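All values below come from the heavy atoms of this structure, side chains included, with hydrogens, waters and symmetry mates left out. Since this is a predicted model, take the numbers as computed values, not measurements. Just so it is clear: chains get the letters A, B, ... in the order the sequence lines come, proteins before strands, and each one is counted from 1.
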Amino acid sequence: MRISEHPIIESYHKGKQITFTFDGKELTGYEGDSIAAALKAAGVMVHRYTAKQHKPRGIFCAIGRCTDCVMIVNGVPNVRTCVTPLEAGMQIQTQYGVEPKKED
Amino acid sequence: MLEKREADVIIIGGGIMGCATAYRLAKRGVDVLVLEKKEIGNGGSCRNAGGVRQSARDPKELPLAMYAVQNIWPQLSEELGVDVEYHQGGNLRLGLTDKDIKVLENHTAKSTKLGLEVEMISGDEARKLCPYMSEEVVAASWCPSDGHANPLKATLGFYRKALQLGVTFVTGVKVMALEKVKGRIRKVITDDGVYEADQILLCAGYESRRIANTVGIDAPVERQFNEVLVTEAQPKMFDIMLGVAGGEFYGHQSEHGSFVLGGNSGLQAFTSNNDNFVTNSLTAPCISRGIIKYFPILENVKVVRTWSGWYDQCIDVLPVIDNIKEVPGLTVAFGFSGHGFGISPAVSIAVSELMLDGKSTTIDISQLTYDRFHAKG
Amino acid sequence: MKRHELIVIGAGPAGLSAAIEAKKNGMDVIVFDENQRPGGQLFKQIHKFFGSKEHHAKTRGFIIGQQLLKEAEDLGVRVELDSTVMGIYENKEVTVKQNGEVHHYKGDAIIIATGAAENMIPFKGWNIPGVIGAGAAQTMMNIQGVQPGSKILMVGSGNVGLVVSFQLLQAGCEVAAIIDAAPRVGGYGVHAAKLARTGVPFYLSHTVVEAKGTDRVTGAVIAQVDEHFQPIPGTEKELDVDTICIAVGLTPMSQLASNATCDMELIPQKGGHVALLSEYGETSVEGIYCAGDVAGIEEASSAMIQGRSVASHVSMKAGYLTEDEFESKYQGYQEALGQLRQGMFAPKNKGRNDFTETDEGYPISKTLLAHGYMTEEELSKFPAASYQKAGIHPVIECTQNIPCNPCQDACHFGCIKVGENITRLPAIDEEKKCTGCGLCVASCSGQAIFLVDETYEEGFASVTFPYEFLPMPKIGDKGKALDRQGKPVCDAEIVGIKKTPIMDKTAVVTMKVPLEYVHAARFYRAEV
Amino acid sequence: MIRVANPEPFVEREDDDMIICRCEEITKGEIRRAVYDGMRTTNEVKRYLRSGMGLCQGQTCQRLVQGIIASELKVRPSELGMIQGRAPVRPVEIRTFSKNVTDVKED
């Protein structure tokens with residue numbers, strides 16, 4: 001959930017509202033969001049499923065170190081969503097191993 | 001505290017040659033002690049791109065390569081109990097220019113003469129085998145029985161198996177000199193005291209020459225510096241081992257999905273701090289440009305690390321594998337010149353036979369003797 | 001190749017301070033930072049810092065960040081953002097990823113100021129989405145404006161765990177519990193106390209054994225540990241949380257130093273692998289230095305001084321300072337660092353837990369260490385905490401030797417004294433008058449100063465306390481007064497609110513409580 | 001350091017399936033087993049298992065892996081050596097690497 005008012009922080013340096021897609025679904029976020037923050041605000045927890053054990057992973061360090069939050073962004077896998085700024089029209093997909101979900 | 005100072009055989013060098021030979025000797029009941037300066041496999045054994053290749057080899061060492069591919073690699077994972085990630089996906093050596101084609105044709109002709117199945121194919125045929133290649137590739141040599149494996153797991157797999165068979169390893173010990181006793185090799189002088197054995201195998205990569213010199217043995221071997229870059233994992237694209245006639249890069253996609261690609265900038269050997277395995281800032285860019293030329297599809301793939309290592313380059317780019325007659329009891333196996341990994345399982349058989357039977361009967365290594373070096377003209 | 005006299009890697013507190021110092025001395029300096037905004041982790045720190053006035057005490061971290069940035073900008077320090085240093089090569093060559101290219105730079109000197117990364121502890125289910133680092137929680141709530149979760153278990157009671165827990169409350173989240181495997185609260189007692197009085201429970205000698213859930217955390221199982229930190233079967237307790245936040249310390253992010261072939265060593269007191277440094281912060285590779293957390297985990301205030309100290313050495317070597325000028329600067333910085341490195345929380349005392357009394361000889365509260373708050377009995381041993389006099393007067397519940405003294409300057413009448421040694425406990429000068437202005441209350445970074453008036457009204461006393469939450473109470477509001485462990489003790493009515501710019505968003509709230517609860521009531525909760 | 005095979009059988013533990021290296025999904029049990037199999041340093045375990053060789057290059061797990069090796073071998077983690085920091089310290093695209101600028105541009 002987004003924080004609407006805060007006792008200490010006056011503003012979060014957000015730009016205008018923009019739309020992007022997550023697994024084909026249209027979602028909204030703000031300029032100035034990281035991809036991870038926009039997804040978190042939209043309630044998305046699972047960023048990817050691991051290669052070996054197929055286990056879900058999401059945000060962990062949120063500063064670009066741990067690489068757990070990687071997803072497929074505009075077709076490119078392993079993009080660290082916590083340090084990649086959200087852009088209008090971005091196509092974001094859950095990552096399975098290092099690929100998008102295979103069509104059944 | 002456990003201590004062992006004496007054995008039937010002391011092996012100097014805990015790389016893949018040392019570990020694999022220790023395993024072979026132990027299998028034949030020999031009491032073996034391996035001395036290693038740093039960690040197991042810290043030299044070229046863990047610092048190579050994993051090629052298991054017969055094509056483009058000098059005919060003199062081709063028997064080792066062919067024996068390894070035909071008789072050892074396919075079963076090695078099972079034999080060691082460690083998945084060495086061997087893939088026999090073939091080897092493509094790519095050419096962009098007429099000059100490249102000449103180089104490829106030359107190697108192909110030589111290898112074919114020795115019975116290796118290798119052929120020249122067109123750029124389009126190559127792209128059929130590996131559809132990710134750029135249109136610039138005009139020709140290639142193709143050896144379907146070549147492949148690649150994981151050098152880290154193979155080295156440590158041999159080490160583990162040797163341990164299980166009773167071999168003792170001592171790491172963190174630097175060999176300073178060898179000494180003879182009554183005309184035979186006997187003592188290994190180290191920074192941790194003296195070790196003794198009836199027979200000694202010297203397989204310490206580029207350090208071998210320094211150690212051999214202490215008993216008056218020399219071979220024209222120099223160390224060469226090389227660099228490799230490793231990418232993030234990618235979806236499985238191909239199993240083929242790659243090389244290019246122009247030498248810009250070589251490597252493969254590993255079982256893990258990452259690409260392991262070596263190459264050089266021509267400058268890497270001149271960094272002065274190479275003992276610390278420092279890479280040159282210009283090498284990875286150089287390899288990257290090479291990759292993009294041949295595989296533009298990889299341009300968005302991220303490099304996660306670069307590493308470097310030495311190999312022991314012999315004057316004729318071939319190893320020295322021999323019993324040293326001048327120093328009875330001393331056997332050497334070094335000078336692998338950057339392509340030792342693929343033949344290492346076969347070398348270990350040849351060396352173990354040299355040491356226990358006096359000669360290598362299974363594989364012909366008669367062209368790799370210590371006394372083969374002569375002045376030009 | 002592009003060459004600069006000094007390349008600084010990292011635009012956090014240490015790096016920016018180093019660049020400022022070097023630039024002031026006349027050097028040609030460039031700073032690279034991989035992030036889009038400078039300031040390192042400072043911009044996530046919305047709490048007021050400890051230290052002395054010279055160390056920016058009682059200033060919030062992000063404001064210190066703004067001040068540092070402005071200082072750097074005014075001096076014309078070149079800070080290149082979105083510029084990831086990829087490697088350090090021979091002859092102090094640095095490769096930097098900028099605009100989709102690799103740029104090669106050379107520095108006559110390099111200061112590595114890359115900061116730290118968080119430690120993690122593994123437990124069953126620690127990979128499930130919803131288990132996050134404390135730094136991640138800060139990034140989400142304080143930078144991105146998104147709640148990291150709604151009900152949170154905080155693992156770790158060091159200063160990071162405590163500060164982030166408080167920030168979670170400020171962001172509107174619920175902190176279900178703070179746990180620590182150690183038997184004592186690791187961070188400052190005052191940080192713990194300000195959480196305890198809101199009702200957050202502390203479980204010391206507890207560890208998290210499992211995160212429940214499949215696609216997201218749906219609960220946490222904690223258990224008590226024995227003296228070997230092993231969970232004791234049968235003590236498991238399940239907490240209803242959706243987020244588990246890990247705050248178990250930091251590790252120096254020293255990969256670049258290792259990459260540059262500096263001699264490294266694992267030094268537990270410094271938090272992990274660090275380059276071996278000379279007294280001036282130089283590594284084994286001549287001209288390559290480390291400053292800030294990468295040199296050993298401390299905190300931002302010392303990182304800023306270290307940055308300046310190291311840069312003054314670089315400036316001297318480059319001929320911009322004479323040896324004498326350097327010596328005098330260096331001594332000044334060392335003294336400042338010395339001040340911060342005193343007391344029971346000094347880096348040299350890391351891992352020690354055998355302090356039983358303060359420097360002044362007062363017994364340290366066992367309840368504070370075990371539960372995060374102090375009993376009235378324990379507070380009675382501290383003169384400033386049990387101070388009584390007719391009319392309004394301060395009560396200072398600061399009971400550990402922490403390097404901090406803003407309270408001393410806050411009172412214009414000189415009522416509060418810390419003295420030269422900033423880790424001394426504040427003392428109240430009974431001769432001096434208290435006007436009840438509340439500046440001391442707002443100035444205390446630990447929120448440990450209260451104003452008490454036992455003679456407020458017949459049968460009633462007033463208690464004034466710092467308040468940094470929303471919604472802000474209004475005069476006339478009625479609710480419950482909470483004690484130091486967050487338990488409602490009596491009815492309370494809000495009778496005063498002060499919010500002035502100098503208080504910097506710490507509201508000073510006064511509530512009226514029945515006289516008999518004057519020593520118990522320390523916080524307020526609105527009736528709902 | 002002298003190394004011989006461990007004569008005792010490998011003993012499994014209840015928490016062996018816990019992931020330690022998050023990138024490469026290497027478990028505590030695999031690390032313990034690698035030590036049992038003869039791996040004695042951080043680097044050897046890394047080479048044998050790929051722990052610390054994933055996308056984050058060991059930034060999260062190095063300490064944890066060392067802790068497990070140290071407790072198996074009953075030594076201090078500082079005796080196990082460390083993973084060499086290698087360029088690039090963050091993942092960098094091949095395309096980016098291919099465009100390297102060494103000349104001096106006027107600012």
Considering only heavy atoms and a distance below 4.5 Å, find which of Glu25(D), Arg90(D), Gln59(D) pairs most often with chain A.
Glu25(D)
Between Glu24(D) and chain A, with a heavy-atom cut-off of 4.5 Å, which part of the residue counts as in contact: side chain, backbone, both or neither?
backbone
Salt bridge flag under 4.0 Å for residues Asp33(A) and Arg2(A)
yes
Give, as side chain, backbone, both or neither, the part of Val70(A) having an atom under 4.5 angstrom from any heavy atom of chain D.
side chain
Which of Leu55(D), Thr60(D), Ile19(D) touches chain A most, by non-hydrogen pairs under 4.5 Å:
Leu55(D)
Using the rule side-chain hydrogen bond (donor to acceptor under 3.5 Å, both in side chains), only one of His47(A), Arg48(A), Gln95(A) pairs with Thr81(A); which is it?
His47(A)
Could you check whether the rings of Phe10(D) and Tyr36(D) sit parallel, tilted or perpendicular, using 30° and 60° as the cut-offs?
perpendicular
Any luck finding a side-chain donor-acceptor pair between Glu30(D) and Thr27(D) under 3.5 Å?
yes
